[in-house]
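In the text below, chain A, chain B and the rest are named by the order of the sequence lines, each starting its count at 1.
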2 protein chains.
Amino acid sequence: MTSTDHHDPEGRPAVRPTRQRRAVAAALAGFDDFRSAQEIHDLIKEQGDSVGLATVYRTLSTLADAGEVDMLRNEDGEAIWRSCSDTHHHHLVCRTCGATVEVEGPAVERWTNAIAQEHGYADLSHTLEIFGTCPACR
Amino acid sequence: MTSTDHHDPEGRPAVRPTRQRRAVAAALAGFDDFRSAQEIHDLIKEQGDSVGLATVYRTLSTLADAGEVDMLRNEDGEAIWRSCSDTHHHHLVCRTCGATVEVEGPAVERWTNAIAQEHGYADLSHTLEIFGTCPACR
DNA sequence: CCACGTTTGACAATGGTTCTCAACAGTGGT
DNA sequence: ACCACTGTTGAGAACCATTGTCAAACGTGG
């Protein structure tokens, strides 16, 4: 590795700050519930920007890999996204309006780890999402 | 409602025992991990039967509504199915071979209910699935 | 055996997501 | 400022799981 490569000291490939990525970030900053990629794409359009749908998907995936956004699936299996805090947590999502409460469950984390170890499973991941109807939509 | 309608006393529409539904049930009896609708469709073909893919989907949905099979989504958002016991439970699923352990989590159930009530959410449902690598695939 | 409502299957249609690939745009060096 | 080098983008095609359509086939109770 020489001084001419475009990687940072940790070896990650360079990520360029483009107009499109800024637009996606701006859109993400504009809501705090979960939205689909298409909805985010529409939001960007409403903000006067123009970013291709494929780019929205690419950017969201990248951000999710970097841990900067949460991606989860609604009851239909569609991916929905939002920017998130950096601690591991779960969500209580309103089925009707999408209002989201971020919840932590240390007890749950411990429980899943215990169960998995008990059965010899390694390299764990888990999903825990609660769907319901929020007070405003009742 | 007269004696001529084809509904049972509870008002549920009649469900007819057809060759196709028997074939799906037979296929479901043949494995105890989670399979996609397409895989189940293939299994039926291997068993010498022939059932349309749309019918497989319809039958699986019906069985899921009736609580006779579990449907959940893998990490790609695809629906996967298997016959299940009748109590509410969660799953520890091997990412590689699909081996599944059915686990109960009364503590988790209580926790989700408490969290939801605390925030005023009603009409709850929740998903909790653990993915990992089983001992055999390690 | 009949009449009626249910179920099925072949195929089209949907819809979310990813792929393709040529045009474009940051970057670091000169 | 200019260049060469790559990472990035966009339009649209391609994918693929899932659902809709509708006429033909089937199970049921009478």
Any donor-acceptor pair under 3.5 Å from A:H89 side chain to A:E102 backbone
no

Donor-acceptor pair, side chain of B:R95 and main chain of A:D123, under 3.5 angstrom
yes

Correct closest heavy-atom pair for A:A64 and A:W81 would be CB-CZ3, 4.0 Å

Whole-Å distance separating the [atom1] atom of [X] from the [atom2] atom of [N]:
X	N	atom1	atom2	value
A:N74	C:dT17	CG	C1'	14 Å
B:Q20	D:dA24	CD	C1'	13 Å
A:R21	C:dT27	CZ	P	11 Å
A:L63	D:dT8	CG	P	12 Å

From the list [options], which nucleotide is the closest neighbour of the side chain of [X]?
X	options	value
A:P17	D:dT9, C:dG26, C:dT8	C:dG26
A:T55	D:dG10, D:dT8, C:dG9	D:dG10
A:V15	C:dG5, D:dT8, D:dT9	D:dT8
A:T18	D:dT9, C:dG5, C:dT8	D:dT9

How would you summarise protein contacts on nucleotides 13-21 of chain D per nucleotide, using B for base, S for sugar-phosphate only and - for none, with heavy-atom distances below 4.0 Å?
----SBBBB

Nearest-nucleotide check on DNA chain D, A:T59 vs B:R22; residue mapping nearer the 5' end is A:T59

What about A:R16, does its side chain sit under 3.5 Å from the base of D:dT6 through a donor-acceptor pair?
yes

Looking at CG of A:L60 and OG1 of A:T55, how far apart are the two atoms once the value is rounded to the nearest 0.5 Å?
10.5 Å

Any salt bridge between A:R73 and A:E129, counting N to O under 4.0 Å?
no

Mutual orientation of the aromatic rings belonging to A:H90 and A:H126 [parallel < 30°, tilted 30-60°, perpendicular > 60°]:
tilted

